[in-house]
There are 2 protein chains.
Amino acid sequence: MALSERKKKILAAVVDEYIKTAEPVSSKAIAETGSLGCSSATIRNELAELVALGYLEQPHTSAGRVPTPAGYRLYVNELMQRQKLSVEESEELNRKLNERLAVMDTAISDIGKLASQLTNYPALALTSNASVTVRRFDLIYVDANTFIIVALLSNNDVKNKYVHLPVSADRSLVQKLSTLFNASFTGITEDKITSALISATERAADDTIGLTAVIAAFCIETLSEVNSVTAYVTGENRLLSQPEFRDPDKAHKLMSYLSNGGYVFPETGAMQDVEEVRVLIGPENVAEELKDSSVIVASYDAGDNTKGLIGIVGPTRMDYSAIATKLGMLAAGLSKRLGGGEAPPEGMHNKLIIKGDDRS
Amino acid sequence: MALSERKKKILAAVVDEYIKTAEPVSSKAIAETGSLGCSSATIRNELAELVALGYLEQPHTSAGRVPTPAGYRLYVNELMQRQKLSVEESEELNRKLNERLAVMDTAISDIGKLASQLTNYPALALTSNASVTVRRFDLIYVDANTFIIVALLSNNDVKNKYVHLPVSADRSLVQKLSTLFNASFTGITEDKITSALISATERAADDTIGLTAVIAAFCIETLSEVNSVTAYVTGENRLLSQPEFRDPDKAHKLMSYLSNGGYVFPETGAMQDVEEVRVLIGPENVAEELKDSSVIVASYDAGDNTKGLIGIVGPTRMDYSAIATKLGMLAAGLSKRLGGGEAPPEGMHNKLIIKGDDRS
DNA sequence: TGTTAGCACTCTCTTCTTTCGAGTGCTAAT
DNA sequence: ATTAGCACTCGAAAGAAGAGAGTGCTAACA
């Protein structure tokens, strides 16, 4: 099973070349790179063996070789040259990230956009907040019929709602409810907000106009929204620039799958450790629609128990190395900016861990 | 210039048929519909004249006829059968709208999604708020270093910002600033917020820690964000199901144009009267990228000086009638729901006005 | 004068054949 | 073990032929 050093070199050359050209790679082309000191005939023999081992395949007898998913897997796991960005390049990229992030919001959809621009592939972004609660309520009295509910969440997010009631409420009720909600609705997760709690609060506040219910509903809605995982997809159209999606039907299928979003990432399992980049190649994806695409995902830590994923989807033929590096840096940059601040920026490319389901 | 009744019928038949099949329409096909009591030879003569007049064209000598943009224009302006939805159908559609709108947020991006689903074309949605101002400020004191700024806008939107300062501020400063901002920053548009005003406020509040600047910046940012026109594009991938976009390059060009959004609608001029549906056919569009696509736009009134546009983009061959009707109903439904409430829902399809740059 | 049948003509689309060449696999020599 | 040489394979591109859809025109007809 252990491939000879030369076989590995040849496999790597095939993958590198195929990534660049999207055309089956010939023995001659490899020989001409000059990195192996042998002729095309020798390489042909090796190539035949690599086909037998399942790392390469031939579209037809008289064509060059193309990597199989297994070939890509091996490449990603062992062969690919980690992008050793020079200090300048690394700084350059970091600077760009800073620029971009300064201009853009760090809203999750913008992060996706950034990833898509950076890689030129469709990108997905999502965050998962582990059990956010309300930390504090404020009720702003605008007029007798109108209030603003303000909730400060445990992740420092602030949500509000403008409420206009058909009947008027007096200030004392608002005051009472404010106290009661801060006493019993803070620090509890969504599932703890029972109808019993709500009606108890309503009675305690002597609320006859239903304001309690409105606030409680807002609370539930806000928490469930914040805690739910939604994926944002951007740049689907970039798929069309890839030669493997010149067939409109294929492109359409994948694009509409992506547009309905969110089903891509769950496959990568629960949110992963930060600074780990996961690669799923072709059939390693669970979803039928992704069986001949690859997914690269990086996770970041947005602090306060919130983790996020960013990733891209493309054909199996993609520059795994470059993209994994870029996503890794992006994720690290985000962790640094948003998270507890423990993630170091300099030289982070050395720490890049690339994982995946290895089937060998 | 005035076309004979029969020519009009024939033109309409060609457009109707071409919309359905996407194939050049033959004289025989028209004769066989039976709606005209004449033979294919007669129709051939008429078709030749319609070509001479510029309403139709032939891909090549021995092919059927295809409508030109001028032909579509005439069709849209005079010939097309307005969708006379039966009462049941109308109610059905209204019911669906209600359902959908109940589930979805009325957030502008969701409205676009709805339009796209309804028509199966890429949709754009945007709103323009005419000069929103802040109506009221509240500063919520969380702790000495932490505040929440809450701004109630003139369109009843509420915006907030969580502020964490490196230095602490005492309650009296917060109190003073609250009063000052409510006195001099409310009811004014973004451009009235000058640095002179800000520094005057800073001095009046005796603010040495820069809190004034933070609040003012939030104010400017919020207003400019709310007042700016942003377009949301959804369903770009639906383009790929249209036969005219089987060429990936063409599709890609248009899709990336759309993804960069926002440039489509301004062409239709300023926001239009509500309940007017505008149709722009092929070269009538200003943008080069849209020269062989058509755009249909409807506007709605979201109340409080806020108007919105929803529209779709597709090939020039599209079912103008059905789509204009649907978008019109959607816009009317939104006006009713969001706006002053003056827009009636029943029988509204009779009021549908279809406009465009008539070049005849 | 408007309409229609008939027919030759045109042009695309499909299918079939041929050619070309890139790339392989094998063999024999080193 | 490596390599030069060469016959072989197969797809892609180019050409040729046939089919058919649809037209334009002409001449007859109401």
Side-chain angles (χ1 to χ4, degrees), chain A residues 2-11 13-18 20-68 71 243-244 246-247, chain B residues 2-11 13-18 20-68 71 243-244 246-247:
Chain A
L3 263 50
S4 74
E5 213 43 51
R6 194 171 63 186
K7 277 202 181 59
K8 286 185 183 174
K9 264 192 174 171
I10 291 176
L11 178 54
V14 172
V15 175
D16 284 332
E17 186 68 13
Y18 186 63
K20 257 190 269 169
T21 63
E23 301 285 329
V25 182
S26 75
S27 55
K28 201 177 148 214
I30 298 177
E32 278 170 357
T33 65
S35 59
L36 297 286
C38 59
S39 78
S40 67
T42 311
I43 293 175
R44 271 205 291 286
N45 289 329
E46 297 280 46
L47 286 176
E49 288 181 53
L50 284 168
V51 169
L53 290 169
Y55 294 117
L56 295 176
E57 61 188 356
Q58 277 180 300
H60 54 268
T61 358
S62 71
R65 306 307 207 282
V66 167
T68 62
E244 22 273 283
R246 294 208 65 78
D247 174 10
Chain B
L3 261 53
S4 74
E5 213 44 49
R6 194 170 64 185
K7 277 202 181 56
K8 286 185 183 175
K9 264 191 174 172
I10 291 176
L11 179 54
V14 171
V15 175
D16 283 333
E17 185 68 14
Y18 186 63
K20 257 189 271 169
T21 63
E23 300 286 329
V25 182
S26 75
S27 55
K28 201 176 148 217
I30 298 177
E32 277 170 358
T33 65
S35 60
L36 307 132
C38 60
S39 77
S40 67
T42 311
I43 292 175
R44 270 205 291 286
N45 290 329
E46 298 279 46
L47 286 177
E49 288 179 53
L50 284 168
V51 169
L53 290 169
Y55 294 117
L56 295 176
E57 62 188 356
Q58 278 181 299
H60 55 268
T61 1
S62 69
R65 307 306 208 282
V66 167
T68 61
E244 22 274 283
R246 294 207 66 78
D247 174 10

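Convention: sequence-line order gives letters A, B, ...; per-chain numbering from 1. All values derive from a computational prediction rather than experimental measurement.
Protein atom CD of B:Gln58 is 9 Å distant from nucleotide atom C1' of D:dG22, rounded to whole Å. Atom CG in A:Leu50 sits about 12 Å away from atom P in C:dG25, given to the nearest Å. Spacing between atom CD1 of A:Ile30 and atom P of C:dT24 amounts to 8 Å, rounded to whole angstrom units. Look at CD1 on A:Ile43: it is 15 Å from C1' on C:dG25, rounded to the nearest Å. Put simply, CD on B:Glu57 is 16 Å from C1' on D:dT23, counting in whole angstrom units. The CG-P distance, from A:Leu56 to C:dG25, rounds to 12 Å in whole Å. One atom, NZ of A:Lys7, and another, P of D:dA1, lie 11 Å apart when rounded to the nearest Å. The nearest whole Å value for the distance from the CG atom in A:Leu47 to the C1' atom in C:dG23 is 11 Å.
Side-chain atoms of A:Leu3 and A:Leu53, non-hydrogen and from C-beta on, do get closer than 4.5 Å to each other.
When the side-chain hydrogen bond (donor to acceptor under 3.5 Å, both in side chains) test is applied to B:Thr21, no partner is found at least two apart in sequence or on another chain. Under the salt bridge (Lys or Arg N to Asp or Glu O under 4.0 Å) criterion, A:Lys8 pairs with A:Glu78, not counting sequence neighbours. With sequence neighbours left out, the salt bridge (Lys or Arg N to Asp or Glu O under 4.0 Å) criterion links A:Glu244 to A:Arg317. The side-chain hydrogen bond (donor to acceptor under 3.5 Å, both in side chains) search around B:Ser62 returns none, not counting sequence neighbours.
Between A:Arg65 and C:dA22, a side-chain N or O to OP1/OP2 separation shorter than 4.0 Å is absent.
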**OP:** Between protein and nucleotides 2-20 of chain D, map the contacts as a letter string: B base, S sugar-phosphate only, - none, heavy atoms under 4.0 Å, written 5' to 3'.
**Re:** SBBB---BBS---------

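Annotation: salt bridge (Lys or Arg N to Asp or Glu O under 4.0 Å) contacts involving residues 35-46 of chain B, sequence neighbours excluded, comprise B:Arg6-B:Glu46, B:Lys7-B:Glu46.
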